[in-house]
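Inspection log for the structure reproduced underneath, given as structure tokens.
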Amino acid sequence: MPLTTRNALLRKSSRMFAAALVVAVLVSPARLVMAEQAAATALTVSLTAPAQREWPETVPASGWLKPWQEAIIASETSGLRITDVLVDVGSVVTKGETLVRLSQESVLADLRKQEAAIQTAKANLSKAKANADRARQLRPSGALSDEKIVEYLADEQTATASLTSEEAALDSEKIKLAQTTITAVDDGVITSRSANLGAVVSTGTELFRMVRQQRIEWQAEVSARYLPRISEGLSVKINGPDGQAIEGKVRLVGPSVSTDTSRAIVYVTLPAEMRPRTGLYVTGNIELQASPALTIPETAIVFRDGISYVFTSGEDQRVQRIRVETGRRNDGEVEIVSGLDRSSRVVSSGGAFLSDNDLVKIAETN
């Protein structure tokens with residue numbers, strides 16, 4: 001090879017080496033800067049380990065808040081006018097408290113008339129008894145015929161029966177007088193009122209409706225398949241109408257199942273101090289026996305396209321998205337039915353901002 005050609009090749013190789021060296025010097029710092037920027041922008045997350053809990057299995061239910069028992073207060077007499085209405089809807093009443101007064105004038109007049117009839121009956125009895133006593137005394141002497149003696153004795157019995165009848169009629173009038181004052185049949189709260197001042201009542205006319213002892217219960221509808229496992233005394237958690245949880249107890253399991261919905265009624269007693277409004281529709285859960293549950297914070301669950309996921313982190317500080325199946329929820333925690341191992345390290349919050357294989361910073365825990 002000529003010397004000039006060899007020198008040219010050497011100069012070209014030197015220039016290529018120098019260029020490569022410059023590129024390497026320029027690229028390496030760029031990569032370092034990019035790596036540092038990626039580390040700086042990595043999301044800081046906290047990790048948590050799944051916890052093993054003993055949670056009661058629950059049965060979802062929904063239904064209406066209704067009175068434990070309703071009492072209907074009605075008139076027991078007829079033809080009398082209402083003169084006083086002493087309570088209204090919402091009034092809390094005690095057993096025997098006066099609610100309504102009816103007019104008493106006609107009843108008092110009948111009462112006085114009946115008392116006079118008793119005095120007449122007593123006078124007749126006294127006369128008949130005297131005649132009967134004389135007849136009994138004269139019977140041995142034969143001064144009176146047997147027919148007359150029988151007549152006097154019969155008059156005595158008739159007068160005695162007449163007095164008893166008049167006394168019973170007086171008792172009836174006294175009952176009518178007592179019925180002009182209508183009282184509460186039990187402690188409770190008035191929920192409806194039909195009594196109006198001046199109205200003339202009839203026998204059986206409903207005047208008030210009341211919730212006995214102010215006791216409200218939840219009539220919860222549950223699927224018939226749960227009935228063999230539901231019994232009296234089980235604890236119930238109800239989502240109250242104001243957002244407050246209400247603790248209850250199963251009082252009774254309904255004996256029949258609806259042919260339309262295949263659901264049965266479970267009657268749940270509420271605490272005595274809890275008096276929510278009746279007629280509200282609420283939901284809740286009936287607690288069955290306790291069973292193990294693998295739980296994580298609810299904030300660790302990420303919903304995407306209707307599917308539940310969690311993010312776990314490995315030693316390389318990169319996260320992996322894992323699909324899970326959730327179950328029961330309690331006190332801010334959710335049960336993981338499948339998809340997660342107990343030894344996993346789960347991102348406790350912020351998963352919505354992560355993607356699979358993202359680099360993260362692990363927050364220090366005290």
Side-chain angles (χ1 to χ4, degrees), residues 30-62 220 222-223 225-226 229-230 234-248 282-366:
R31 288 180 176 175
L32 291 173
V33 170
M34 291 175 62
E36 290 176 357
Q37 289 177 348
T41 57
L43 184 67
T44 301
V45 298
S46 298
L47 301 181
T48 185
Q52 192 71 37
R53 311 286 190 195
E54 284 291 325
W55 278 2
E57 188 177 351
T58 59
V59 174
S62 58
V222 300
S223 175
R225 63 191 178 95
Y226 293 116
R229 305 172 64 189
I230 300 176
L234 289 180
S235 297
V236 180
K237 286 188 177 180
I238 304 167
N239 303 317
D242 55 357
Q244 180 183 4
I246 302 174
E247 301 284 342
V282 297
T283 60
N285 294 283
I286 301 172
E287 298 182 356
L288 305 180
Q289 75 277 7
S291 61
L294 186 67
T295 68
I296 61 173
E298 286 184 331
T299 53
I301 301 295
V302 178
F303 294 98
R304 291 181 181 172
D305 299 326
I307 300 173
S308 299
Y309 296 95
V310 297
F311 284 92
T312 62
S313 176
E315 296 297 332
D316 59 354
Q317 294 191 352
R318 290 189 179 275
V319 294
Q320 289 78 44
R321 189 179 73 173
I322 298 176
R323 179 173 178 173
V324 294
E325 182 181 352
T326 60
R328 294 166 284 178
R329 296 175 184 265
N330 188 22
D331 293 334
E333 293 187 338
V334 59
E335 178 188 17
I336 301 300
V337 178
S338 64
L340 190 65
D341 188 79
R342 186 174 180 181
S343 61
S344 301
R345 302 170 68 209
V346 180
V347 176
S348 58
S349 62
F353 303 101
L354 295 174
S355 297
D356 197 21
N357 208 38
D358 275 356
L359 183 67
V360 296
K361 286 184 179 180
I362 308 301
E364 295 183 2
T365 57
N366 297 328

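The chain is numbered in sequence order, starting from 1.
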Looking at [atom1] of [X] and [atom2] of [Y], how far apart are the two atoms once the value is rounded to the nearest 0.5 Å?
{"X": "Gln52", "Y": "Glu54", "atom1": "CD", "atom2": "CD", "answer": "7.5 Å"}
{"X": "Thr48", "Y": "Glu333", "atom1": "OG1", "atom2": "CD", "answer": "8.5 Å"}
{"X": "Tyr309", "Y": "Leu340", "atom1": "OH", "atom2": "CG", "answer": "14.5 Å"}
{"X": "Asn285", "Y": "Glu57", "atom1": "CG", "atom2": "CD", "answer": "11.0 Å"}
{"X": "Ser338", "Y": "Leu294", "atom1": "OG", "atom2": "CG", "answer": "10.5 Å"}

Practice item. Give a yes-or-no answer on whether the side chains of Ser235 and Glu287 include a donor-acceptor pair shorter than 3.5 Å. Key: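 Note: Ser235 and Glu287 side chains miss the donor-acceptor criterion.
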Side-chain touch [X]/[Y], heavy atoms, less than 4.5 angstrom:
{"X": "Pro241", "Y": "Val282", "value": "yes"}
{"X": "Ser291", "Y": "Arg328", "value": "yes"}
{"X": "Thr326", "Y": "Ile336", "value": "yes"}
{"X": "Lys237", "Y": "Asn330", "value": "yes"}
{"X": "Asp358", "Y": "Leu43", "value": "no"}
{"X": "Leu288", "Y": "Ile230", "value": "yes"}
{"X": "Phe311", "Y": "Val360", "value": "no"}
{"X": "Arg345", "Y": "Thr312", "value": "no"}

Residue pair [X] / [Y]: nearest heavy atoms and the distance that separates them:
{"X": "Arg229", "Y": "Leu234", "answer": "O-CD1, 3.8 Å"}
{"X": "Val302", "Y": "Ala352", "answer": "CG2-N, 3.9 Å"}
{"X": "Ala300", "Y": "Val310", "answer": "O-CG1, 3.7 Å"}
{"X": "Arg342", "Y": "Pro50", "answer": "O-CD, 3.5 Å"}
{"X": "Pro297", "Y": "Val334", "answer": "O-CG1, 4.2 Å"}
{"X": "Gly351", "Y": "Arg304", "answer": "O-NH2, 3.5 Å"}

I'd like to know if the side chain of [X] reaches the main chain of [Y], judged simply by a donor and an acceptor atom lying under 3.5 Å from each other, with no hydrogens or angles considered.
{"X": "Arg321", "Y": "Asp356", "result": "no"}
{"X": "Asp305", "Y": "Ile307", "result": "no"}
{"X": "Ser348", "Y": "Ser46", "result": "yes"}

Check your understanding: Is the count of non-hydrogen atoms from other residues, nucleotides or ligands lying under 6.0 Å from Arg323 atom CZ greater than 12?
Key ->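 No, the 6.0 Å shell around CZ holds no more than 12 heavy atoms from other groups.
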